[in-house]
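Worksheet for the structure shown next.
Any value given below was found using the heavy atoms of this structure, including those in side chains, with hydrogens, waters and symmetry copies removed. A note on names: the letters A, B, ... follow the listed sequences, proteins ahead of strands, and every chain is numbered from 1.
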Amino acid sequence: MKNHPLRIEPFGQRAVLVEWPAQVSESILAEILDFVDSFKNLGLPNWEVSVAYNSLTLVNTRQNIDFEQVKTQILSAYEGIKVKTKHSNGFLWKLPVCYEEEFGLDLKEAAEVLGMTIDELIREHTAYQYTVYGIGFLPGFMYLGGLPQQLEIPRRKEPRLSVARGSVGLAGKQTGIYPQNSPGGWNIIGSCPIPIFDISKEQPCFVKVGDKIQFEPISKAAYDLKKIEAEVGIYQPQKKRLNA
Amino acid sequence: MLKVLKSGFFTSIQDLGRFGYRDMGVPVSGAMDTEAVKKANQLLENALDAAALEITMTGPTLLFEAPTFICLSGANISPTLNNEPVSQYQVLKIGKGDILSYGKMENGFRSYLAIKGGLETPVVLGSRSQYIPITQKKCLKDGDELRYEETVAFEPALSGLKVENKFQQNELEVFRGPEFSILSDSQLATLFAQPFTVSEKNNRMAYQLAELLPGHKYSMLTSGTLPGTVQFTPAGRLIILMKDGQTTGGYPRVLQLSEEAIGLLAQRKFGDSISFKLI
């Protein structure tokens, strides 16, 4: 650990960008999360942090900052990372997905493009654990890494004006869930009935960067049931602690 | 209650923003012209983050159902109280049944209405700022009723302010963004030598500029973005993220507006000219 050259740059008057080498790497992500713990342990007020892949954006919510002073604090937090990896309390979330044609608008076409049957595509998509490398773009949108090469498919030529909340998509090296109705160009292969971002919960987004996601195929009947549970707020996404 | 008889083009409830949820992808939101809303709240001796109305381009028609005091700031959209013109940056006494309406936009683009004690709409994730899906609505609709505390007597320490608006200032102060160094000499020359025009694609999320720079093929991993981040698309388009802007993005961040420049840009509209000054 702590053998990476960090790039620490001012980002306007109130933020600092800290960059690790530009790789999608679990070990870099783990080090960033360790760093976040270490930075939070400094107890500095009014800082927000957001992690995405190889970078960390630190934003002061109140005032303009003295970059050199913050840089010193960052370096001290980096030094303060415990040698033994400390940040290991993430979860593996098993998220149900219904791959019926009603939801998987592009499932048939995607299977054809990928040269597999629909069943094979579903089996592949649900076989892997995807790492959450960031949450952004829209509230609750997860950037997932670890899609197998055999599922890489180009975006749709024309984006849809509206993709339904919960839609599960494939595009390039990415797979993910649309947390809200929004325009989108991903190939839609199914739908997850559980809201990733739910404003009625004290913790609106149960997933955190560093967690893992595995999709589980469910029937339409199970989907309908979970959808009702989600509407009344009693859903319990299945989870397992990682590295326990 | 403050009754919305007509909502205007785009009128929303805004305070200074929603903090602490960036890691879930929640934009900061809040008033686009922070200085304007702060001044109005200061004159009313409110908390600086008291919720106010942000009024865009054409104003609403509002009925006050209880006495209070208000202060108007930002763009001048010819406000009238019971059909009599009223001044901005002045504490105005409001009686039960008074009607505030607006006329022609004289300058700027976003106007603010602060009210004594602030609007008391529900707080969601620490803020009253409207943003879907955090709040149910993105802006006011005709017939909405907004709660506020009645105030009969108030002696302001300062009844008004003379504020020189900066709506004619085209120059936006910018810092180098994290990917500034990818800019070629020809891109740099275009970026700082010419004015840009605000395109019709401008809203609380982002302002796109009409003129293109020479394009690029730089690709990067998605990383953090802020209000005021200037994104540079491969086609050469400049997109300036604003208060409802996404928290992460995959386009190179070539510039970052100063906090003051964000407020200046918030007062610019389709067809207006801006330029960048590196500091």
Side-chain angles (χ1 to χ4, degrees), chain A residues 7 9-24 36 46-64 67 133-143 145 165 174 179-182 195-200 202-209, chain B residues 16-30 48-49 122 124-127 131-136 173-181 205 218-230 241 244-251 253 255-262 279:
Chain A
R7 178 184 175 226
E9 294 278 329
F11 189 1
Q13 289 155 299
R14 297 187 172 188
V16 176
L17 179 73
V18 189
E19 270 185 355
W20 277 253
Q23 296 159 27
V24 179
V36 170
N46 307 322
W47 285 95
E48 287 186 331
V49 298
S50 88
V51 176
Y53 292 107
N54 65 319
S55 71
L56 176 67
T57 308
L58 300 163
V59 189
N60 194 291
T61 57
R62 289 288 176 85
Q63 60 206 11
N64 295 353
F67 171 71
Y133 280 99
I135 299 176
F137 172 56
L138 290 170
F141 180 84
M142 303 177 285
Y143 292 94
R165 169 185 183 175
Q174 290 186 285
Q180 280 98 47
N181 296 339
S182 72
I196 305 301
F197 189 88
D198 182 351
I199 200 66
S200 71
E202 200 176 317
Q203 190 58 250
C205 186
F206 58 84
V207 179
K208 292 200 159 29
V209 174
Chain B
L16 293 183
R18 188 168 277 116
F19 301 105
Y21 299 91
R22 174 178 297 276
D23 59 353
M24 298 178 193
V26 179
V28 61
S29 299
L48 284 184
D49 62 352
V124 192
L125 302 187
S127 167
Y131 171 83
I132 286 179
I134 309 301
T135 56
Q136 286 175 349
E173 288 189 336
V174 293
F175 300 90
R176 289 177 168 83
E179 282 74 46
F180 182 84
S181 64
M205 292 170 88
Y218 184 81
S219 114
M220 59 178 267
L221 288 168
T222 288
S223 184
T225 51
L226 307 169
T229 298
V230 183
L241 298 181
D244 285 347
Q246 60 201 58
T247 55
T248 58
Y251 294 130
R253 302 152 292 183
L255 301 173
Q256 177 66 34
L257 267 59
S258 71
E259 295 298 319
E260 192 192 357
I262 296 171
I279 51 174

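To the nearest 0.5 Å, atoms CD1 (Ile199(A)) and CD1 (Ile132(B)) are separated by 12.0 Å. A distance of 7.5 Å separates CG of Leu17(A) from CD of Glu179(B), quoted to the nearest 0.5 Å.
When all heavy atoms of Gly12(A) and Phe175(B) are compared, the pair lying nearest together is CA-CD1, 4.1 Å. When every heavy atom of Tyr21(B) is checked against every heavy atom of Glu48(A), the shortest pair comes out as N-OE2, 3.8 Å.
Between Gln256(B) and Gln13(A), every side-chain heavy-atom pair lies at or beyond the 4.5 Å cut-off. Between Leu221(B) and Tyr133(A), every side-chain heavy-atom pair lies at or beyond the 4.5 Å cut-off.
Both the backbone and the side chain of Phe137(A) come within less than 4.5 Å of a heavy atom in chain B. Proximity to chain B (any heavy atom under 4.5 Å) is shown, for Glu9(A), by neither the backbone nor the side chain. Both the backbone and the side chain of Phe11(A) have a heavy atom closer than 4.5 Å to some heavy atom of chain B. Heavy atoms of Val59(A) lying under 4.5 Å from chain B belong exclusively to its side chain.
Contact count versus chain A (heavy atoms, under 4.5 Å) is highest, among Ile134(B), Val26(B), Thr229(B), Thr135(B), for Ile134(B). Options Arg22(B), Gln246(B), Arg176(B) differ in how many heavy-atom pairs under 4.5 Å they form with chain A, and the most are formed by Arg22(B). Taking Asn181(A), Ile135(A), Thr57(A), Val51(A) one by one and counting their heavy-atom pairs under 4.5 Å with chain B, the maximum is reached by Ile135(A). Contacts with chain A were tallied for Gly228(B), Pro178(B), Ser223(B), Ser258(B); Pro178(B) has the most, counting heavy-atom pairs under 4.5 Å. Interface summary for chain A: among Val28(B), Thr247(B), Asp23(B), Leu255(B), the most heavy-atom pairs under 4.5 angstrom belong to Asp23(B). Across Leu125(B), Val124(B), Leu257(B), Thr225(B), the residue that shares the most heavy-atom pairs under 4.5 angstrom with chain A is Leu125(B).
In terms of the side-chain contact (heavy atoms from CB on, under 4.5 Å) criterion, residue partners of Pro10(A) (sequence neighbours excluded) are, by chain and number, Phe67(A).
Other residues, nucleotides and ligands place no more than 12 heavy atoms under 6.0 Å from the OH atom of Tyr251(B).
Contacts classified as salt bridge (Lys or Arg N to Asp or Glu O under 4.0 Å) and involving residues 10-22 of chain A (residues at least two apart or in different chains) are given here: Arg7(A)-Glu19(A), Arg14(A)-Glu259(B), Glu19(A)-Arg253(B).
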